[in-house]
Structure formats: C-alpha cells, structure tokens
Amino acid sequence: MSAFEAAWRAIQQRHPDVPEVVVTFGSGTLGMKAGQTRLGHFAAARWQHGEQQLPELFISGEGLQRGALEVLGTLLHEAAHGLAHVREIKDTSRQGRYHNAKFKALGEELGLTLAEDMTIGWSLTTVPETTANAYAAELDELGAALVAWRYAEVNATGKKKSTNLAVAVCACSRKIRVARTTLAEAPITCGACGCAFTTADGDE
C-alpha cells in the first residue's frame, strides 16, 4: 500500500491537477466474463474523510503479477481519469467503457502511449522509456513491493463441472446423471418403462 501511495504522490508532484485518492485493492475478475480482468478504476466521491469527499483508486490483485512497469501504467491510466474528473472533461462513453480522444490527450499529458481498440477506444496503455525513466525510483519501490498477486475468481463461464452426480438407471437401462439429494427427495420415473431410476447402491 505504501509503495502505491508513494507512486501516486509522485504522479501528483509532476501533475498537480491529479486529485487525492483512497487506494484500495480487490478482485478484478469478480463479475467479469471468463478471461477478462478489470485492472483498475478511478471513481469520484466514493469515500468520506472528515468533511471531504475523496475519489477511489482501485487496483486489482490479479493485475499485480504483470510487474512494476505495467502497474505504473495502470496508475497513470487512472490518474488520467482523475484529471478528467477535476477538469470536468467527459473522457469516456458507453458506461465508462469507451475511452475517447479526450482521454487519449490526458493520458499523453501524463506520459503514456495510448493505442486504440475498436471496442474500448483509446485505452490500450503503454509506458514509454522516457516516462519509465522519470519514475525510476517509484518503479524500484513497486518492484520490491510486488511479491504477491491474487488468483482470478471462478465465474459462471469458468466453473468446473460438478463431480457429485450419481448415475441412475431404470429397468430398460436408460441412464441419467442426477444429484443424490435430488434423487432422495422423490422417485424419478422413466417415461419409457414406468420404473423409477435407481443408483448402483440402491438409492431411489
């Protein structure tokens, strides 16, 4: 946490319009489609500190395995969103998914190289060598701190098949796979022979 906060302060020193934030960590795959990861987000007015409302800087635990340079890229990317918030610039559309040309300009102001994706716009982030050199001390500190990362959530499209299903057979040798608890609730009858399905150990 201290390494991330120090890196954010370094960004603020170079770009005073970047706002104060509360840094948080968590899952970047929970609720996402299989293979997708939310690397971070900037969200305005998510925290109350005394009389002051503060934005949230979220960093996904899954994204930490990418290394210090890529993580710095995420911080600068979210800092660009922070600049857009402070300057009241609409930098995204489509519920925040599509990054427009205004976001590209803000990212370049912060030292990023942005490439365009047809679905999410100017969101593909690279940290060029000149920017990496400017943040050399922060990269060293981040590199030393990144000793762990989070595994992805298993979501609906990535669940393993249940292995707790019984094979039940009727008198005419038709087979079904069914949970033992379901089979125990009431008999399941075959529409062909009229007999109940049973398992090899006699459950019905």
Side-chain angles (χ1 to χ4, degrees), residues 1-44 46-47 54-85 91-92 96-100 103-155 157-158:
M1 179 67 76
S2 62
F4 278 82
E5 290 176 341
W8 192 261
R9 287 194 299 270
I11 295 170
Q12 288 180 297
Q13 288 171 3
R14 292 175 173 83
H15 307 278
D17 283 353
V18 172
E20 291 288 335
V21 294
V22 174
V23 181
T24 65
F25 297 89
S27 172
T29 52
L30 185 64
M32 302 290 285
K33 293 180 181 179
Q36 292 185 344
T37 302
R38 179 183 293 106
L39 298 176
H41 74 220
F42 174 92
R46 290 293 178 87
W47 290 80
L54 292 175
E56 176 178 88
L57 170 65
F58 167 80
I59 302 295
S60 84
E62 294 90 336
L64 300 181
Q65 65 177 307
R66 298 172 300 143
L69 186 64
E70 296 295 331
V71 169
L72 176 64
T74 297
L75 291 175
L76 290 167
H77 180 112
E78 302 309 331
H81 287 305
L83 280 181
H85 169 67
D91 63 337
T92 63
R97 293 190 299 273
Y98 187 86
H99 295 60
N100 60 31
F103 175 82
K104 178 177 183 286
L106 292 169
E108 290 174 345
E109 180 181 335
L110 290 169
L112 292 174
T113 299
L114 283 306
E116 187 177 17
D117 178 274
M118 294 304 294
T119 302
I120 56 176
W122 295 96
S123 184
L124 304 179
T125 303
T126 304
V127 180
E129 185 177 358
T130 53
T131 302
N133 291 339
Y135 290 95
E138 288 72 31
L139 283 169
D140 287 344
E141 189 171 355
L142 285 169
L146 295 178
V147 295
W149 49 271
R150 193 182 194 279
Y151 283 111
E153 298 286 342
V154 177
N155 55 35
T157 56

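All residue numbers refer to positions in the sequence shown, counting from 1.
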Quick one: are [X] and [Y] in side-chain contact, heavy atoms under 4.5 Å?
{"X": "Val127", "Y": "Leu112", "answer": "yes"}
{"X": "Leu57", "Y": "Leu75", "answer": "yes"}
{"X": "Leu39", "Y": "Glu70", "answer": "no"}
{"X": "Leu114", "Y": "Thr125", "answer": "yes"}
{"X": "Glu78", "Y": "Val21", "answer": "no"}
{"X": "Leu76", "Y": "Ile11", "answer": "yes"}
{"X": "Leu72", "Y": "Glu138", "answer": "no"}

State, without any angle test, whether [X] and [Y] hold a side-chain donor-acceptor pair at a distance under 3.5 Å.
{"X": "Glu62", "Y": "Thr29", "answer": "yes"}
{"X": "His99", "Y": "His81", "answer": "yes"}
{"X": "Thr24", "Y": "Arg46", "answer": "no"}

Could you report the tightest heavy-atom contact between [X] and [Y], atom names first, then the distance?
{"X": "Leu106", "Y": "Ala84", "value": "CD1-CB, 3.5 Å"}
{"X": "Ser60", "Y": "Thr37", "value": "OG-CG2, 4.0 Å"}
{"X": "Ala132", "Y": "Leu139", "value": "O-CD1, 3.5 Å"}

Member of Phe4, Trp149, Phe58 meeting the ring pair (Phe, Tyr, Trp, His ring centres under 6.0 Å) criterion with Phe25 = Phe4
Look up atom [atom1] in [X] and atom [atom2] in [Y], then write down how far apart they are to the nearest 0.5 Å.
{"X": "Ile59", "Y": "Met1", "atom1": "CD1", "atom2": "CE", "value": "10.0 Å"}
{"X": "Arg150", "Y": "Leu30", "atom1": "CZ", "atom2": "CG", "value": "7.5 Å"}
{"X": "Tyr135", "Y": "Thr130", "atom1": "OH", "atom2": "OG1", "value": "11.0 Å"}
{"X": "Asp117", "Y": "Tyr98", "atom1": "CG", "atom2": "OH", "value": "9.0 Å"}
{"X": "Leu110", "Y": "Asp17", "atom1": "CG", "atom2": "CG", "value": "10.0 Å"}
{"X": "Glu141", "Y": "Glu5", "atom1": "CD", "atom2": "CD", "value": "10.5 Å"}

Does the Trp8 side chain pair with the main chain of Glu20, one donor and one acceptor, at a distance under 3.5 Å?
-> no
Where the side chain of Gln12 meets the backbone of Pro19, is there a donor-acceptor pair that is under 3.5 Å apart?
->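 Yes.
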Can you say whether the rings of Phe103 and His77 are parallel (under 30°), tilted (30 to 60°) or perpendicular (over 60°)?
->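 It falls in the tilted class, 30° to 60°.
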